[in-house]
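Take a look at the structure below.
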Amino acid sequence: MVRDIKEFMRAKKYAEAVTLSRDLIRLALQGLNYYQNYDRVFLNAVVTLGFLGWIFCIVLQIIEEHSDVMKEASKLNKGDCHPLVKISFVDSTSCVFAVLVILLLLLQKAPWMYYSYCLMPLVFWNRIGKRLHVIYAALDYIRVKQLRRRVLFTVLFGAFSLEILVMSFFRREILSVGLVFLALWPFTTPLYSNCRWSVACWMILSFALSVFPVLPVVGREADYSLVTLAGVLTLAAFVSLLVYASNISQLLKTQITKSFQILLSQVLLVGFAVYIVNSTASSLKRKLGLPVLNQLGSWTIFLSSFLLPLVNSSNLTIRLSSIAIAFSSVYLLMSTAYEGLFLLVLSLLMGVWLLSEHRLSGKTLNTLLETQLSADDATKTHQPAWKVLTKGIDTQLIRKLTLEDIRCAYFFVFFIVVAFFGTGNIASINSFDPASVYCFLTVFSPFVMGSLLLCKVLIPFVIVACTFDAIHAVLSIPVQSLVLIVLVMTDLMGLHFFYLVQDSGSWLDIGTSISHYVIMMAFIIFLLPIFGLARLFTGASLSLRTSKKKA
């Protein structure tokens, strides 16, 4: 083709030369694309098998260890269980496939990373092969209990719900649509008939929260009147909540009286935070800099907010309220617009979610108000932090998972995504707007400013995680069971994002697709420390009392 192009040029046949040159360019681009994507189909298939194998392993573990399927299936079969697959046969088959894969990669002189890609799925599918009896038991259980339609509906509706979360990564407004549908959820439950006021609160708060994803991303246009409004509404909402709850439960009223000083100090810190925000904004506007008193007050609020919930009562209502108020004061210090209102609505919605799950379990409101997250004050003992992180919150009864618990895990994932994109916090980090940390420092310090902005992003996550941890205690479900369901959901979303990764188009499109995949893959790793921090706040207690020595 190059020779023909040169001949056309010598013969002054320029049109033919141009046409042939374009054909050559097209073929060259196709050749480059073929060279770059030579192993794409093979690697996509291997990675997909790895994802599916990992997901099936988790599902089988949930069925075998965290549900009653195996016990019920053995009763249904009257002792005639399916024969177990011989472990030696599964291991031999896996070894044969491993040898064939290694020989194939050696012949192709593939990179060493390919070996891990190809051998890791064999580990997962080897484990699945040894658990075929669990699959048979689950199928028998579904058939005998006539759960085919229910399971099929759960799978299809779950896939649709996960697609809403996937689309929300591209358009934040999709979360508003999801929250509108979520507002109608109580009408599909007995809550509509026996707990009308909680249904009304759920709908109002869901609709209110759906407004924030359609608002402009929080940027450099500060509106401190909204911050003041958020502080006033936060004080009014939580004080009214505690007063109302104490009027219902005499035990809770007694515990609020004991924790009065701590709760009063937290309320004063919220008011002090609102004052600091407005005073700092006024001082900076007049070119007077950051007042020293405001700076010291901001850091004092920041540090005390992480300690006051730990020394407060272990009552579930008081502890969660204390956590929400403490983080609200810190969040207000780093707010420049409607973020404070977002955190308030999110916190109240989390409280209604906890109440709804508790009422669906068949328990009364008084039992929720009197629930203790750790050892009570009568025993004068408290769970240390290390015990909370390793063993979790004390629960009296433990039950197995049901299909209804999948909803609870999905709500957690959904609210985490809402906390992630609700106010455009990612854009705030990317733009590195220093206005959010002016109450702490005005001298440019990337490390300190970045750490404070990261804390601002993490606070909504901790609120959601604390509620999720309290829900598992209220429902008496092992938290490991719910975390496994969350892991399955995030892996399914990660597999979807894997196929959405682009290698063509603008740099923005390519980078965005890769970022979404990386974020989803780091999701579970990111949630583990957040959940550990939430468990520390909900379950740990620090005693300020000192024991007197006997004479």
Determine whether [X] and [Y] make a side-chain contact, defined as any pair of heavy atoms from C-beta on separated by less than 4.5 Å.
X: Leu487; Y: Trp54; result: yes
X: Ser335; Y: Val277; result: no
X: Pro460; Y: Leu346; result: yes
X: Pro186; Y: Trp202; result: yes
X: Leu308; Y: Asn312; result: no

Using the benzene-type ring in the case of Trp, are the ring centres of [X] and [Y] under 6.0 Å apart?
X: Phe153; Y: Phe157; value: yes
X: Phe212; Y: Tyr338; value: yes
X: Phe420; Y: Phe461; value: yes
X: Phe327; Y: Phe306; value: yes

Side chains of [X] and [Y]: is there a donor and an acceptor less than 3.5 Å apart?
X: Tyr499; Y: Thr48; result: yes
X: Asn278; Y: Thr228; result: yes
X: Ser329; Y: Gln266; result: no

Report summary line: Here the pair of heavy atoms bringing Ser198 nearest to Leu355 is CB-CD2, 4.0 Å
Query raised in the report: For Ile463 and Ala324, which heavy atoms make the closest approach, and how far apart are they?
Result: CD1-CA, 4.0 Å
**Report entry** Glu404 with Arg150: basic N within carboxylate O range, under 4.0 Å
**Finding:** yes
Requested in this report: Determine yes or no for a side-chain-to-main-chain donor-acceptor pair under 3.5 angstrom, with Ser322 supplying the side chain and Ile318 the backbone.
Outcome: no
Query - Side-chain (Ser168) to main-chain (Leu165) donor-acceptor, under 3.5 angstrom - result: yes
With a sphere of 6.0 Å drawn around [atom1] of [X], does it hold more than 12 non-hydrogen atoms of other residues, nucleotides or ligands?
X: Trp197; atom1: CH2; answer: yes
X: Met203; atom1: CE; answer: yes
X: Phe411; atom1: CZ; answer: yes
X: Phe170; atom1: CZ; answer: yes

**Report entry** Parallel, tilted or perpendicular, as decided by the 30° and 60° cut-offs, for the rings of Tyr275 and Phe272
**Finding:** parallel
Requested in this report: Sorted by first residue and then second, give each side-chain hydrogen bond (donor to acceptor under 3.5 Å, both in side chains) pair with at least one member in residues 343-354; sequence neighbours left out.
Outcome: Trp353-Glu357
Query raised in the report: Run the ring-ring contact (aromatic ring centres under 6.0 Å, His included) check on Phe421 and Phe169 step by step: do they pass?
Result: CA-CA 8 Å; Phe421 292 108; Phe169 275 69; 5.1 Å; yes
Requested in this report: Kindly indicate whether a cation-pi arrangement holds for Arg535 with Phe531, taking the cut-offs as under 6.0 Å to the six-membered ring centre and within 45° of the axis.
Outcome: no
